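Here is the naming used below: chain letters follow the sequence lines, and residue numbers restart at 1 for every chain. Quick caveat: nothing in here was measured; it's all calculated off a predicted structure.
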Amino acid sequence: MQYRLKTGENVISFQVEKKGDYAVTLSHDNCLVDVEYAVISGHCLHLVINGTPLNAYLARDGDATTVIIRGIPYSIQDADIHNTRTRGKKGLQAIPQDVTPPMPAVVVRILVTVGDNVKHGQSVIVVESMKMETTLTAPSGGSVRAVNVAVGDKVMPGQILVDIDRDDGVSTKEESQPV
Amino acid sequence: MQYRLKTGENVISFQVEKKGDYAVTLSHDNCLVDVEYAVISGHCLHLVINGTPLNAYLARDGDATTVIIRGIPYSIQDADIHNTRTRGKKGLQAIPQDVTPPMPAVVVRILVTVGDNVKHGQSVIVVESMKMETTLTAPSGGSVRAVNVAVGDKVMPGQILVDIDRDDGVSTKEESQPV
Amino acid sequence: MANRGEIALRVMSTCREMGIATVAVYSEADRKAAHVLKADQAVFLGDPEPAESYLNIDKVISAAKQTGAEAIHPGYGFLAENPLFAERCEQEGLAFIGPPSDVIRKLGDKTVARRTVAGSGVPVIPGMNRPESDPGILAQEAANIGYPVLIKAAAGGGGKGMRIVTSPKDFDEACVSASSEAQRAFSDGAIYLEKYLARPRHVEFQIVADIHGHVVHLFERECSIQRRHQKIIEETPSPIMTPELRERMGSAAVAVAKASGYVNAGTVEFLVDQEGKFYFLEVNTRLQVEHPITEMITGLDIVRIQLEVASGNPLPFTQENVRSRGHAIECRIYAEDPEKGFYPSPGKIIYMQAPTGPGIRNDCGIYSGFQVPVEYDPILSKLIAYAEDRDQAISRMIQALKDYVILGVRTPVPFLIDVLKSEAFARGDTFTDFIDTHFAGWKPSRRDADAACAAFIIDEMSRVRKAGAPAGQVGADPTPWQTLGPWGR
Amino acid sequence: MANRGEIALRVMSTCREMGIATVAVYSEADRKAAHVLKADQAVFLGDPEPAESYLNIDKVISAAKQTGAEAIHPGYGFLAENPLFAERCEQEGLAFIGPPSDVIRKLGDKTVARRTVAGSGVPVIPGMNRPESDPGILAQEAANIGYPVLIKAAAGGGGKGMRIVTSPKDFDEACVSASSEAQRAFSDGAIYLEKYLARPRHVEFQIVADIHGHVVHLFERECSIQRRHQKIIEETPSPIMTPELRERMGSAAVAVAKASGYVNAGTVEFLVDQEGKFYFLEVNTRLQVEHPITEMITGLDIVRIQLEVASGNPLPFTQENVRSRGHAIECRIYAEDPEKGFYPSPGKIIYMQAPTGPGIRNDCGIYSGFQVPVEYDPILSKLIAYAEDRDQAISRMIQALKDYVILGVRTPVPFLIDVLKSEAFARGDTFTDFIDTHFAGWKPSRRDADAACAAFIIDEMSRVRKAGAPAGQVGADPTPWQTLGPWGR
């Protein structure tokens, strides 16, 4: 079996070979990793990696799986599935060219209205999450084509709160990039 | 809806009426119980019983459900299902006429062999569970027809460890009783 | 209990032990919150927004009235330091578990507090004792104090309306922006100036006072490790404390309490400069987030003291028979991402596993499956480690943090581990600029990436292997549907 | 770590804090046990039977050798008081975390221990100081001592080979049966006689001793609440203790340790009779199950002391600077059914939720999903409550027990709640016959049967409602299969 996994910025290909009921060997580049394991619960695996035991705690959350080992979280995605999905499905990833909150939040102030001309970096909307206010700014100069939310709305990362027609003619809304 | 529930020695019939998404009314005898509830997890319900909140923790374990409220366990069975099952399926209930351990255990000593004549109350087998030894005795006088286990075997409640042909001609093995 | 989260649970624990029945209040977002599950009764307040629920004085008072509550504990945050709320409780005949409303009012205005304290002979940071709006007068005061100066809001804390100004050319603009921020945050744009102290330590004293005029301090807490002016690690004793300095600062804290007519539990905050000189900063007129470390070293239950004092009883000890033992550290476990500037990280707790064992206390407001609301403070729990001395307490805390698993939201756990392991922390070089100095742009060292990938793959393989099975959270316990078969009904 | 369960975890906690790497050993039944998950390395021993695993000296020594371990901590039970094991460690150059093997041997034989102690001037229970097999001599000794007498096995404890005889006519038969029980339990049928004390208290003193001849006691523990001669609730201080009695008993405990050449941590057990006279009972040459309550009141880590002492360091304190503060209670949470004579209740932990918060410590060896083996001791965890005084500690413990949920096996939690709520316990009337006197045939009062039925019905309705859904533990969180849909692979 083969897995292509994305951790942080890297994509690594793992060749996986079963070595018994509770053992596998992973190889990537020139590394060989012997893994014995026990399934402790739906969220915990006990692994013995090249002879050294450790506990891995996992949760699937949307596209990515978070794995915590020795207190440190690793975010891991299946690169193949991830590509398939993000190609078809816009907005799951926060795209820096959009006016979108960095975390789940509530809209507290809207500083522009449709038709306003805004400069690159100008504050357009303020959201609050867990008592911390964050000001979202225009990713480029242009004119405000639409304000998609109202004060008090709950908003999620990836959701476009304000559409801006860029001075160079490209709508921020239409801009997209595969990851 | 109607439920007949067995708690301890009692069987109570409850008439259940839905009062909304998270509310029901139960009636039994001349009692009316208003219940609002929230499902906290697969093992925890938050109930408001006639206005008083409490938490109920549940686990299904074979035939019975254990419900813990304020630290105290309640063992509850659906009386209808329970009857159906125990009628068809012998041995799930420990029957005092059998030589069967009161809890999961390991056989540590066998004190009789096939053909031995035993008296009522005579020790026939010793089992150990969690470092505590329990001596099982003959439920009646008779002759040992079979010893079904060996030293070191793991045994469960309901499992007949020794068959005794009773002096009055009835085998303890054949004796059975509906609950 | 006019609060939510871990502090509501902590207060209710002591109430239950004292045989006091508890009433929780909750918003729409908290229908399944842990504090609702723990209370003897629970009253629904309204929509999630704080103004419609936990900050709504009328609704909270009405919940108390309708359940026959006799006293209200405000916790921290929300209405805890709101003099109008305390006053309203007084008017309604409800015991407010905290100081009298006029004390809260007096100490809540930072300039009034400075005047009150200055009168008692306790050193205050050089600066103004009255708010000012005239730009000319402010500029003159800044020149008198000497740059750098700190612009502060008179009405509040938490870093809102605060500006450090290093040169006169930026001064006017900073005053305008500070005042407008203060106006938005506290509905009061009043500002004043203080001398800016470089690299101070934040050292505070827990005090308790009864209505009979007894005031006792319960030693200090060092709270210098902060991000965004919010504490993240606290410890006691302070690494810089000497018996002589403790004696002087403790006496100052008691003097502040006496000067303000303080009753109940409170905290007198000081800044300590590089030369070891200390200055009064402010009084927090409530139970503090970090009160557990004081409980660990003194063996006292501060909430119990609050309740006893509120019912008119005298303090059950004098300054002489309160003794400190060992060392305690608290780490605040927030829902936030330490790799992204400590941004909030609300969400559902998919799984959690808290450390237990010798010397470990976990004051926790969440559980596996709980949806952490976006509307409130990001504090999830507080992990406290006690040991015989500071080094042992640090080691114990590091191990406990490594055992603390929270899946579903990000937490500062890996960051806290690295801070506690750092030499600067071990040396006790804990100044308020600690994180900026030693941990700017921090990322964890991810040495176990291979193991994490192995876990991902094995988890997926286990799921695929069981995909043919009828049902069930794969890899977890079999469900009743797997083990029981269809019901007869 | 030559042990399993909560004690293995507790010892490993301190090791990790001290930077000592740990090696677990485990049997087939413990492949997924909590102590295996915590260790830095784990070595498989063999089949579940203790003789093939945790009691197998060769296998345990070999595990230590193969991993390069330098020391072995035996915990309690299993090999902890086996002089052959300690001796073997000494021969193999492994540090045994406990007293020297000859001290274990000397104190393990109850009659040798009695002779040793009698020589030091500490009062022992009237009786014989040598084992005897001649029925005539035994009968004569019984007459000299005066009935009722207690027949005891010389080689062991835990109630095995013990008989109370109230009249000469039952004496010979009782000796035969006691001896044969002792033979089976300890491979040694030697018995001796002691005066039977009616309704004594069981009070023990924790001692620690270094190789430099320093011995310090860490105050007493009262352990009178027992079922089947096994402790179930322990507390410190003892309700009957006075400073004067503590001084005398503490000195006696230190004298016993010195007389036997004791090194490391140990416990000197006494019986205290109705008149307040105390008698030496025995020495437990190991870390005791109930050591946490001593840690709570002294602020010390006894395992750390054990490790320091074993590496040759002197005790870091003298008798004068060890101070006790507050009150601590421990409840043992066994897998057993208090409604059925405390019969063992092994099985799978379907769900558990442990109490947390101020003053609560939980030393726990299980987790949700763990299969509790039938082969070992039924102890699951130990719940410890600390508070300022006894009344507060009792209240805190009652509330914590109510919050302790363990589903899948029966536990004494409801029984413990009723004991702690009883007036007899509140009065401190804790004699070793406490359970027989006050709680024979105990059943909980089941006032919430309607609520339990409601929970059953709602649970079932929720399951039926979701039965059409594709999968999932109904009522629990949605599974990945529900939320993610099929994979592309």
Side-chain angles (χ1 to χ4, degrees), chain B residues 1 3 5 7-8 10 12 14 16 18 22 24 26 28 31 33-35 37 39-45 47 49-50 52 54-61 64-78 102-106 109 127-134 152 154-155, chain D residues 48-50 77 158 228 334-337 339-340 342-348 350-351 353 368 372-379 398 401-408 410-411 413-414 416-417 444-462 473-477:
Chain B
M1 260 180 302
Y3 282 85
L5 302 185
T7 73
N10 309 320
I12 311 172
F14 286 93
V16 182
K18 280 204 158 196
Y22 294 101
V24 296
L26 310 184
H28 67 97
C31 290
V33 186
D34 274 321
V35 187
Y37 66 93
V39 178
I40 303 302
S41 76
H43 293 293
C44 177
L45 295 172
L47 306 179
I49 306 271
N50 293 335
T52 302
L54 54 83
N55 303 309
Y57 299 89
L58 308 90
R60 305 211 163 202
D61 196 3
T65 292
T66 300
V67 181
I68 295 183
I69 295 176
R70 299 186 221 271
I72 294 172
Y74 297 78
S75 186
I76 301 180
Q77 293 172 312
D78 188 315
M103 76 295 265
V106 176
R109 280 190 302 282
V127 297
E128 186 178 281
S129 182
M130 306 188 110
K131 292 176 63 192
M132 179 178 155
E133 286 191 2
T134 306
K154 275 200 194 180
V155 292
Chain D
E49 302 91 88
R228 278 205 306 276
Y334 291 110
E336 66 181 20
D337 191 341
E339 293 182 63
K340 292 185 181 155
F342 301 97
Y343 263 27
S345 171
K348 181 169 183 164
I350 297 175
Y351 176 80
Q353 184 176 304
S368 290
V372 180
V374 72
E375 286 85 0
Y376 313 120
D377 196 274
I379 201 159
I398 291 169
L401 286 166
K402 286 185 180 171
D403 283 346
Y404 212 148
V405 177
I406 299 181
L407 287 165
R410 289 296 166 112
T411 73
V413 163
L416 293 163
I417 292 171
S445 145
R446 292 202 154 86
R447 291 195 199 87
D448 293 311
D450 274 4
C453 288
F456 179 97
I457 290 167
I458 289 163
D459 182 53
E460 186 147 327
M461 285 168 55
S462 307
Q473 188 165 355
V474 183
D477 308 341

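In this structure, no portion of D:Glu336 lies under 4.5 Å from any heavy atom of chain B. Only the backbone of D:Tyr376 comes within contact range of chain B, with heavy atoms under 4.5 Å apart. Heavy atoms closer than 4.5 Å to chain D are found in both the backbone and the side chain of B:Ala59. In this structure, the portion of D:Ser445 lying under 4.5 Å from any heavy atom of chain B is its backbone and not its side chain. Using a 4.5 Å cut-off between heavy atoms, D:Leu416 makes no contact with chain B at all. Of the atoms belonging to B:Thr52, not a single heavy atom falls under 4.5 Å from chain D. Looking at D:Ile457, the atoms closer than 4.5 Å to chain B (heavy atoms on both sides) sit in the backbone and in the side chain alike. Heavy-atom distances place both the backbone and the side chain of B:Thr66 under 4.5 Å from chain D. Neither the backbone nor the side chain of D:Pro48 has a heavy atom closer than 4.5 Å to any heavy atom of chain B.
Taking D:Tyr343 as the reference, nothing meets the ring-ring contact (aromatic ring centres under 6.0 Å, His included) condition, with sequence neighbours excluded. Residues passing the side-chain contact (heavy atoms from CB on, under 4.5 Å) test with B:Lys154, sequence neighbours excluded: B:Val106, D:Val374, D:Glu375.
Interface check for chain B: of the options D:Val405, D:Ile379, D:Val372, the most heavy-atom pairs under 4.5 Å are formed by D:Val405. Top candidate by heavy-atom pairs under 4.5 Å with chain D, chosen from B:Ile49, B:Val16, B:Ile76, is B:Ile76. Ranking D:Glu49, D:Lys340, D:Arg228 against chain B, the residue ahead of the rest is D:Arg228, based on heavy-atom pairs under 4.5 Å. Per-residue counts of heavy-atom pairs under 4.5 Å with chain D were compared for B:Val67, B:Leu58, B:Ile12; the largest is that of B:Leu58. Ranked by non-hydrogen atom pairs under 4.5 Å with chain B, the options D:Gln353, D:Arg446, D:Lys402, D:Arg447 are led by D:Arg446.
A donor-acceptor contact shorter than 3.5 Å is absent between the side chain of B:Asn50 and the backbone of B:Val33. Under a 3.5 Å cut-off, the side chain of B:Ser129 and the backbone N or O of B:Ala105 do not form any donor-acceptor pair.
Counting heavy atoms from C-beta outward, B:Asn55 and B:Leu45 have side chains that stay 4.5 Å or more apart.
Here the straight-line distance linking atom CZ of D:Phe456 with atom OH of B:Tyr3 works out to 7.5 Å at 0.5 Å rounding. The SG atom of D:Cys453 lies 5.0 Å from the CG atom of B:Leu5; values are rounded to the nearest 0.5 Å.
Comment: D:Asp459 engages B:Arg60 in a salt bridge, judged by a side-chain N to carboxylate O separation of less than 4.0 angstrom.
Aromatic ring centroids of B:Tyr57 and B:His43 lie 6.0 Å or more apart.
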